[in-house]
Amino acid sequence: MKGLYFQQSSTNGEITFVFQEKENLPVTEDNFVKLQVKACALSQINTKLLAEMKMEKDFFPVGREVAGIVLDVGTKVSFFQPDDEVVGILPLDSEDPGLCEVIRVHEHYLVHKPEKVTWTEAAGAIRDGVRAYTALHYLSHLSPGKSVLIMDGASAFGTIAIQLAHHRGAKVISTAYSLEDKQCLERLRSSIARVIDVSNGKVDVAESCLEETGGLGVDIVLDAGVRLYSKDDEPAVKLQLLPHKHDIITLLGVGGHWITTEESLQLDPPDSHCLFLKGATVAFLNDEIWNLSNVQQGKYLCILKDVMEKLSAGVFRPQLDEPIPLYEAKVSMEVVQKNQGRKKQVVQF
């Protein structure tokens, strides 16, 4: 039985994906379940976080968002039984790769999959659903009537965030980075009050948001990365139509919440003073926090269940690419790791 792993070069940090023969699973015991994987979604691997958490290995398992059928349960398992259909996100320290036919998972990382939801939908939506809930519910306390700017709304995550914000009664504004993105967002027109096309680099996002909100500014901003410096000083990878941090601060309303994915965000004293005058807050979106804190396990399971319920009810309609077979997972992961794909890639077994 083979599984997909990655190894990182110690010299240049380059990642290589390899299939490795996997040892037979030990007897299922305690709170673990044996799972036959039916689908596994592909997401970028945060190698920097793994290094900071001292989780580096020679070969690290790949694939964490899984959906499948329970084959066997340990003696202390209380939530599942054989033949249950489940979905979940494997922890960072999982010894098994999700990209493997049979794996072992602790029951506290799984929830039941609704009957109406397909395997690929369940695996493809679970992580982006958790990220959207973390950003909009726990970090910014979204409520009906609020205005929300979701940057890069045509991405797999952006689409789910838009759908959640609209479901909660928010006024949604989103940015499009290309003509294809704009057309994708136009199809979500009922969910979006305004699409800001920034593909030509000439549109002022802050000005457009202030115009849309009558000069009040938006209540919540969910970015997809920001520029920290001027265009002359910024690395080329940062110049992909990202807004400058000053634009975000300008378009924030009084008491606003800025949820950022920029882990190296730097705010100068004038930036902080401007945020202070607005009574605004900045929060960092790290969806791994649920895996790093056992205290939050109950809340985490509630989020997983709610994501599945909204998927079953049609509130969430994830952007999924055509399912791919396991033997193509290596090439697909290379594309995902370089952040070159738009739709969610899901391996179907």
Side-chain angles (χ1 to χ4, degrees), residues 46 49 128-155 157-166 168-177 185 192-196 198 203-231 234 238-290:
N46 190 337
L49 177 63
D128 288 330
V130 169
R131 292 191 79 207
Y133 261 84
T134 304
L136 297 176
H137 282 280
Y138 288 94
L139 297 180
S140 57
H141 310 294
L142 178 68
S143 59
K146 296 281 188 181
S147 55
V148 183
L149 170 63
I150 296 174
M151 310 296 292
D152 193 15
S155 65
F157 167 58
T159 302
I160 293 291
I162 287 171
Q163 291 164 354
L164 178 60
H166 174 68
R168 290 284 289 150
K171 177 181 181 179
V172 182
I173 306 168
S174 187
T175 57
Y177 290 169
L185 291 172
I192 304 177
R194 179 166 180 174
V195 177
I196 304 172
V198 298
V203 176
D204 189 314
V205 175
E207 187 178 303
S208 299
C209 288
L210 290 171
E211 178 186 307
E212 186 64 35
T213 58
L216 297 176
V218 299
D219 299 306
I220 299 168
V221 177
L222 176 52
D223 73 33
V226 294
R227 284 191 293 112
L228 303 178
Y229 314 106
S230 65
K231 289 194 174 184
E234 197 76 69
K238 281 283 190 180
L239 297 180
Q240 300 170 355
L241 308 174
L242 295 178
H244 195 279
K245 60 181 178 180
H246 295 151
D247 297 331
I248 302 290
I249 294 171
T250 300
L251 62 83
L252 262 182
V254 173
H257 301 280
W258 175 10
I259 313 304
T260 184
T261 58
E262 185 61 56
E263 60 184 54
S264 300
L265 179 68
Q266 298 176 35
L267 295 177
D268 301 319
D271 300 329
S272 299
H273 184 64
C274 189
L275 289 168
F276 167 77
L277 292 176
K278 293 187 175 190
T281 62
V282 179
F284 292 86
L285 178 56
N286 175 15
D287 52 302
E288 297 295 356
I289 196 67
W290 301 109

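Keep in mind that this is a model prediction, so the values were computed, not measured.
The structure places CD1 of Ile249 at 12.0 Å from NE2 of His273, a figure rounded to the nearest 0.5 Å. Interatomic distance, CG of Leu185 versus OG1 of Thr175, reported as 8.0 Å (0.5 Å rounding). For the atom pair Ser264 OG and Leu228 CG, the distance stands at 7.5 Å (nearest 0.5 Å). Distance check, rounded to the nearest 0.5 Å: NE2 of His257 to CG of Leu252 gives 9.5 Å. Summarising the geometry, atom CG belonging to Leu49 is positioned 8.0 Å from atom CD belonging to Glu263; distances are rounded to the nearest 0.5 Å. Rounding to the nearest 0.5 angstrom, the gap separating the OG1 atom in Thr134 from the CD1 atom in Ile259 is 10.5 Å.
Applying the side-chain contact (heavy atoms from CB on, under 4.5 Å) test between Leu275 and each of Val282, Ile248, Thr281 identifies Val282 as the sole match.
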Could you list the donor-acceptor pairs under 3.5 angstrom formed by side chains in residues 141-151, with sequence neighbours left out?
| unit_1 | atom_1 | unit_2 | atom_2 | d |
| --- | --- | --- | --- | --- |
| His141 | ND1 | His137 | O | 3.4 |
| Ser147 | OG | Asp219 | N | 3.0 |
| Ser147 | OG | Asp219 | OD2 | 3.2 |

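Gly225 approaches Leu242 most closely through the heavy-atom pair O-CD2, 3.6 Å. Nearest heavy atom pair, residue Ala193 against residue Lys171, reads CB-CG, 3.7 Å. Minimum heavy-atom separation, Ser272 to Leu267: OG-CB, 4.1 Å. The two residues Ala135 and Ser140 have their closest heavy-atom pair at O-OG, 2.8 Å. Closest approach of Pro243 and Tyr177 over heavy atoms only: CD-OH, 4.3 Å. Of all the heavy atoms in Phe284 and Leu265, the pair that sits closest is CE2-CB, 3.9 Å.
Judged as a salt bridge (Lys or Arg N to Asp or Glu O under 4.0 Å), and not counting sequence neighbours, the contacts of Asp271 are Lys245. For Asp223, the side chain to side chain donor-acceptor pair (under 3.5 Å) test picks out Trp258, Thr260, Thr261, with sequence neighbours left out.
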Working for side-chain contact (heavy atoms from CB on, under 4.5 Å), residues Phe157 and Leu222: CA-CA 11 Å; Phe157 167 58; Leu222 176 52; 3.7 Å; yes
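Considering only heavy atoms from C-beta on, Arg131 comes within 4.5 Å of Leu285 through its side chain. Side-chain contact between Thr159 and Asp128: absent, with no pair of heavy atoms (C-beta onward) separated by less than 4.5 Å.
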